[in-house]
Amino acid sequence: NMKEIKKAVIPVAGFGTRLLPATKAQPKEMLPIVDKPAVQYVVEEAVNSGIEELLLVTGRNKRAIEDYFDYAIELERELEEKGKTDLLNVVRNVSEMVSIYYVRQKVANGLGDAIYHAKGFVSDEPFAVLLADDIIDSSKPCLKQMINVYKSYPGIILAVMKVPIKDTNLYGIVKGKKIDDRLYEVEDLIEKPNPMEAPSNIAIVGRYILMPSIFESLKDTKPGKNGEVQITDAIRNLLIKEKIYAYEFEGARFDVGEKLGYLKANVSFALKNKEFGKEFKKYLKDIVEEA
Ligand code: UTP
């Protein structure tokens, strides 16, 4: 009687220093990728993967996110009166996608600490974590792919992708044994090793399926790299207790938490836009030739 994954946690309490000054007075998760805030892509991925309840771990200066998923009474009335039904539906759908809970992380003590704030929400069920920094463009939502893996391999599942060896110091890196198509059994994991020490180039990206056992482990996890409680360390402590798998998802991942990745995501999604994708492509071709 395996429990299904119906709950997900999206931590959004980080400072977003890599995107300064844009993030000085607004959450990075609210920066648009073409016409939707980054966080909405991730919420949609969760909903399209069968998640029914979401917890956002927020912090100071993040209130715009809560307002975004709430009703916008005055705006909706205005659109209704003007007969702008299409826009009204777009705006209203955002607030009716899924039930969202909020908890505040008062001090940004790291991703692991942010996830620890989900203890009460999660209770005794397996759950998913999605980072809004990682936007994954795929025909089947990344989390849905992972939930499918979980059905055959119940355990902790980490989304991974191969990265250039020189970039291992930017990621949690997995040492694993290949056991199935796109699937590794994890033997060890290391947070941000330099290329000389990295056991592989298999890097963890911002999608996890975790067990409630993570909370016990987090409680015992000391601050690691950057003085922050690292989720990688807490997962590592579970190696003796839980099966841990790394799944190489299908899709293109954008790190929208840094400037170049943010730009790439915008260009890539703009090219796919039904309304102006063709025209945008032509524009890009023209300016690239001129440059
Ligand atoms: P990052 O490592 O990207 O940190 O966090 P950050 O503060 O958001 O951004 P930079 O590095 O300063 O540019 C990864 C994820 O963990 C969340 C962030 O919101 C992001 O989704 N996080 C991080 C928290 O919720 N709380 C924290 O204390 C740290």
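Note that the numbering runs from 1 along the sequence shown for the chain. Atoms within a ligand are numbered from 1 in the order they appear, just like the ligands themselves.
Taking 4.0 Å as the cut-off between side-chain N and carboxylate O, Glu45 and Arg207 count as a salt-bridged pair. Here Asp255 pairs with Arg18 in a salt bridge; the nearest charged N to carboxylate O distance falls below 4.0 Å. Remark: Arg236 engages Asp188 in a salt bridge, criterion side-chain N to carboxylate O under 4.0 Å. One finds no salt bridge joining Asp137 and Arg253 here, because no Lys/Arg side-chain nitrogen approaches an Asp/Glu carboxylate oxygen to under 4.0 Å.
Close approach of ligand 1 to Ala114 is summarised as follows: ligand atoms under 4.0 Å from at least one heavy atom of the residue are 24 (C), 25 (O), 26 (N). Listed by number with element, the atoms of ligand 1 under 4.0 angstrom from any heavy atom of Lys28 are 3 (O), 6 (P), 8 (O), 9 (O). Close contacts of ligand 1 with Glu29, meaning ligand atoms under 4.0 Å from a residue heavy atom, involve 19 (O).
The side chain of Asp133, and not its backbone, has at least one atom closer than 4.0 Å to an atom of ligand 1 (non-hydrogen atoms only; side chain from C-beta on). Heavy atoms of Gln105 found under 4.0 angstrom from ligand 1 belong exclusively to the side chain. Under 4.0 Å from ligand 1, the heavy atoms of Asn109 that appear belong solely to its backbone.
Across Val57, Val229, Leu111, Leu19, heavy-atom proximity to atom 23 (C) of ligand 1 is greatest for Leu111. The closest heavy-atom contact to atom 29 (C) of ligand 1, among the options Pro11, Ala108, Gly110, comes from Gly110.
Judged purely by distance below 3.5 Å, without hydrogens or angles, the side chains of Asp180 and Tyr245 never pair a donor atom with an acceptor atom.
When hydrogens are left out, the protein atom nearest atom 25 (O) of ligand 1 is Ala13 N, 3.0 Å; that is the closest non-hydrogen contact. Annotation: atom 12 (O) of ligand 1 to nearest protein heavy atom, Thr17 OG1, 2.5 Å. From the protein, the heavy atom lying nearest to atom 18 (C) of ligand 1 is Gly14 N, 3.6 Å. Annotation: atom 7 (O) of ligand 1 to nearest protein heavy atom, Phe15 N, 2.8 Å.
Aromatic ring centres of Phe269 and Tyr41 lie closer together than 6.0 Å. For Phe127 and Phe215, the ring centers sit closer than 6.0 Å to each other.
Side-chain atoms of Arg182 and Tyr247, non-hydrogen and from C-beta on, do get closer than 4.5 Å to each other.
Annotation: Gly257 places no N or O atom under 3.5 Å from an N or O atom of ligand 1; distance criterion only. The distance criterion of under 3.5 Å between nitrogen or oxygen atoms is not met by Ala132 with respect to ligand 1. The distance criterion of under 3.5 Å between nitrogen or oxygen atoms is met by Arg18 with respect to ligand 1.
Distance check: Ile214 CD1 to Leu218 CG gives 5.0 Å after rounding to the nearest 0.5 Å. Rounding to the nearest 0.5 Å gives a distance of 9.5 Å between CG of Asn237 and NZ of Lys222.
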